[in-house]
Amino acid sequence: MSEKSVATLTEAEARKELARLAMDIGYHDARYYQDDAPEISDGDYDALRLRNAAIEERFPKLRRKDSPSLKVGAAPSGGFSKVKHARPMLSLGNAFNDDDVRDFVARARRFLGLEEAVDIALVAEPKIDGLSASLRYEDGRFIVGATRGDGSEGEDITRNLRTLNEIPAQIEGAPSVLEVRGEVYMSRDDFFALNVRQEEKDAKPFANPRNAAAGSLRQLDPSITAERPLKFFAYSWGEISAPFAETQFGALEAFERWGFSINPYSRVCRTVEEALAVHVDVLAQRAELPYDIDGIVYKINRLDWQERLGMVSRAPRWAIAHKFPAEQAVTILEDIVIQVGRTGALTPVAHLKPITVGGVVVSRATLHNEDEIARLGVRIGDHVVIQRAGDVIPQIVETLTDMRSAGAELRTFEVLDHCPVCGSRAVREEGEVVRRCTGGLICPAQAVERMKHFVGRNAFDIEGLGAKHIIAFIEDGLIKNPGDIFRLQERRGDLETREGWGPQSADNLLLAIEERRRISLDRFIYALGIRQIGQATARLLAKQYGSLAAWRAAMGKAAEERAENAGEMKKPELVGEIFAELCNIDQIGISVADDLVAFFAEAHNRDVLEDLANVLNVEDFVIGDTSESPVAGKTIVFTGTLETMTRSEAKARAEALGAKVAGSVSKKTDYVVAGPGAGSKAKKAEELEVPVLTEDEWNAFIGAA
DNA sequence: GAGCCTCGAGTTCC
DNA sequence: CTCGAGGCTC
């Protein structure tokens with residue numbers, strides 16, 4: 001289709017074309033959003049919208065009432081679809097001073113088993129204050145782009161990302177599958193200019209470049225994003241079909257060859273000290289840089305080392321962010337208010353006279369606990385220095401006692417001995433820092449927090465069911481137990497007639513709930529909010545027991561054992577077989593096992609679980625494909641000093657091959673790998689007739705896989 | 001038994 | 001993001 005350049009269109013032609021575009025775009029919107037079956041590529045679609053916007057810009061008077069550019073909320077319930085990252089997008093550990101960085105390198109050296117004298121080269125690159133994004137290329141074509149989201153699943157912002165000049169639509173010579181990761185950001189100059197335009201349009205200005213970039217990227221209408229001056233630095237990658245570099249810096253160079261921008265301050269440093277010099281250097285130039293940065297990221301340059309180091313929970317062991325000192329400000333502590341958490345923890349929160357720190361207005365900050373208040377010596381009415389830790393969470397750094405006016409009587413914070421919400425006793429256990437409400441099930445504040453946790457992002461992740469609705473639903477008796485959420489459709493009438501609700505909002509919520517009726521076992525366990533059972537431990541349990549039925553059966557039995565042998569906490573075996581089995585899972589000890597079993601000892605909790613099991617579809621835990629692995633499903637115990645690898649490396653490798661790594665030898669142990677100096681464990685293995693391998697034998701054994 | 005390391009729980013603002 | 005506590009290693 002030959003199109004006339006917008007500049008040469010006559011008014012009549014423009015009017016006709018705008019009408020056609022409105023119709024076409026409306027048609028494709030319906031295919032895309034309603035049928036989920038687009039007929040044209042995103043690129044072609046974007047071209048239509050861009051042309052529409054261009055014509056409207058030249059002939060503002062011709063803008064139609066039904067113009068596509070006015071339909072900001074084209075998406076169904078106003079959102080982006082989700083994209084699962086083929087490889088998770090990690091976050092980074094933080095260093096706040098030079099020693100933290102030296103420690104990081106020392107840890108890596110130890111993990112890799114390297115001599116003190118071996119230098120570990122690092123790539124130092126500025127950490128841009130923007131939003132990370134992942135761009136997937138297949139056969140050189142940009143296919144899909146996503147936000148980081150929770151790290152494993154982000155939002156599909158492909159159409160918005162396509163509007164960025166610095167994101168090539170096509171790249172040459174790259175692996176057939178390549179996920180490029182980097183930071184979308186806005187330069188300071190562009191941010192100021194945008195704010196001027198925003199004010200001219202009577203739109204709210206953005207607080208800082210980061211928010212401006214975030215707001216621009218989250219536009220439902222890509223033509224708005226297209227008008228925003230967003231930029232992109234590539235710095236990392238996700239899934240790749242073939243290796244394309246041997247070093248971190250080599251990867252950056254490859255990105256540059258493919259047409260991406262990489263940060264010009266990125267450089268290879270042979271030693272930690274050289275890397276630390278980059279930090280000093282860039283910090284000195286911080287104000288002159290065209291964009292905001294919040295620190296320097298160091299990555300171990302050799303990719304084979306990166307691979308061996310792997311990751312810990314959500315962060316790689318081969319990279320760290322060295323933060324710049326946080327911006328500080330002085331304000332007045334107006335009040336201290338107590339919040340009640342899911343576990344009953346009473347947390348004092350400072351209410352502050354609102355003040356801008358690092359481009360955001362801060363009015364509250366956590367005071368953690370009563371010891372922290374005592375340490376700060378703060379009283380209500382005091383001037384306090386606040387900063388945003390890691391440039392995000394506000395914290396009170398110090399109290400400016402000098403600024404107390406003479407004779408002024410400032411109120412001190414008084415420790416509560418009762419829960420401010422339910423009135424139950426609030427006690428602080430011996431040796432613990434937190435004070436807790438003992439109200440448990442009767443405390444409404446705890447009930448709300450437990451429910452919030454249940455529907456939260458890392459648990460059931462029910463969209464549209466936020467704190468406000470939860471509180472209202474609980475108050476109105478719509479939900480009492482978690483299972484009630486999944487019976488809300490029976491009370492559709494009650495939902496629709498709520499103030500501010502209608503058929504559409506009820507539909508949206510019920511749909512979001514239906515989507516989550518199916519859930520993985522580990523998320524399910526995590527959602528229950530059992531004390532000390534977070535994401536990592538929930539996954540361990542899911543892995544150990546495999547199915548909800550198996551887990552419930554085991555835990556129920558453990559609770560019985562515990563009832564019979566209460567008080568025998570010192571030795572797990574004395575409590576019971578299952579209890580001992582729990583404690584034998586690496587990372588789970590007596591304390592964690594006891595909280596877990598205590599949960600099952602409560603009839604109320606068993607009822608909640610039974611109820612949930614009836615309304616949900618909890619998927620069995622599936623481990624990655626380790627069918628080829630000789631050690632899949634086997635339980636391994638490492639003991640003694642390992643020579644060719646460190647303990648954590650050995651553990652990580654074994655787990656990757658589908659094995660369970662346990663801490664002590666039992667009759668369930670399949671193999672014991674003993675290095676020199678192995679003592680009691682190797683002996684116990686002999687007694688139990690568990691095969692004992694040397695390290696070399698073990699390596700040969702798994703090497704076959 | 002001390003000293004790491006990892007995990008959980010609590011929190012802010014947009 | 002931070003802090004405290006639990007678990008593991010030596």
Side-chain angles (χ1 to χ4, degrees), chain A residues 91-94 96 103-104 106-107 110-111 131 204 206-208 210-215 217-218 294 311-315 317 321 323 326 337-352 354 356-369 371-372 375 386-397 429 431-436 446 449-450 452-453 456 458 467 526 529-540 572 582-595 637-642 646-648 651 661-664 677 679 681:
Chain A
S91 51
L92 291 176
N94 287 309
F96 294 97
D103 286 348
F104 155 74
R107 268 200 308 277
R110 236 180 302 143
F111 190 100
L131 300 106
K204 206 169 155 245
F206 292 100
N208 52 51
R210 186 180 188 281
N211 285 356
L217 212 48
R218 291 192 47 90
D294 48 19
M311 54 199 233
V312 185
S313 205
R314 314 174 248 291
R317 249 188 292 252
K323 296 303 193 96
V337 172
I338 299 291
Q339 282 188 0
V340 185
R342 160 168 74 88
T343 61
L346 302 183
T347 308
V349 175
H351 283 212
L352 306 162
T356 305
V357 197
V360 198
V361 178
V362 170
S363 56
R364 282 134 67 95
T366 176
L367 285 162
H368 300 294
N369 53 60
D371 286 5
E372 174 77 0
R375 191 184 64 79
I386 61 167
Q387 69 178 23
R388 296 207 299 146
D391 277 340
V392 182
I393 314 249
Q395 60 180 195
I396 297 184
V397 185
E429 295 288 334
E432 292 212 351
V433 180
V434 289
R435 184 171 292 272
R436 289 196 152 88
Q446 288 187 45
E449 294 304 314
R450 274 196 304 269
K452 270 159 74 176
H453 172 84
N458 298 312
Y526 172 71
I530 303 167
R531 273 255 217 128
Q532 303 206 79
I533 310 295
Q535 277 178 282
T537 314
R539 200 165 299 141
L540 286 176
L582 275 173
C583 294
N584 211 23
I585 301 174
D586 209 4
Q587 305 298 332
I588 295 180
I590 293 173
S591 165
V592 172
D594 190 53
D595 277 339
V637 173
F638 292 98
T639 182
T641 320
L642 301 178
T646 65
R647 229 187 172 74
S648 38
K651 180 177 168 224
V661 178
S664 62
K681 287 184 194 174

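Which of dG8(B), dA5(C), dT2(C) sits closest to the side chain of Glu432(A) comes down to dA5(C). Distance from the side chain of Gln339(A) is smallest to dT11(B) among dG8(B), dC5(B), dT11(B). Distances from the side chain of Asn369(A) to the nucleotides dT12(B), dG4(C), dG7(C) place dG4(C) closest. With dG7(C), dT2(C), dG10(B) as the candidates, the nucleotide lying closest to the side chain of Thr343(A) is dG10(B).
For His368(A) and dA9(B), the NE2 to P distance is 17 Å, given to the nearest whole Å. Put simply, CD1 on Ile533(A) is 8 Å from P on dA9(B), counting in whole angstrom units. Rounded to whole angstrom, the span from the CG atom of Leu540(A) across to the P atom of dG6(C) amounts to 17 Å. In this structure, Arg435(A) places its CZ atom 14 Å from P of dA5(C), rounding to the nearest Å.
Checking the phosphate oxygens (OP1, OP2) of dC13(B), a side-chain nitrogen or oxygen of Arg364(A) falls inside 4.0 Å. For dT11(B), one of the phosphate oxygens OP1 or OP2 lies less than 4.0 angstrom from a side-chain nitrogen or oxygen of Thr347(A). Between Arg317(A) and the phosphate of dT6(B), there is a side-chain N or O to OP1/OP2 separation shorter than 4.0 Å.
Residue Leu352(A) is classed as having no contact, given no heavy-atom separation below 4.0 Å to the nucleic acid. Within 4.0 Å (heavy atoms only), Val349(A) reaches sugar-phosphate atoms of the nucleic acid but no base atom. Arg107(A) comes within contact range of the sugar-phosphate backbone alone, with a heavy-atom separation under 4.0 Å but no base atom that close.
Positionally, the nearest nucleotide of DNA chain B for His453(A) lies more toward the 5' end than for the other of His453(A) and Ser363(A).
Listed here is the closest heavy atom pair of Val434(A) and Arg436(A): CG2-NH1, 3.2 Å.
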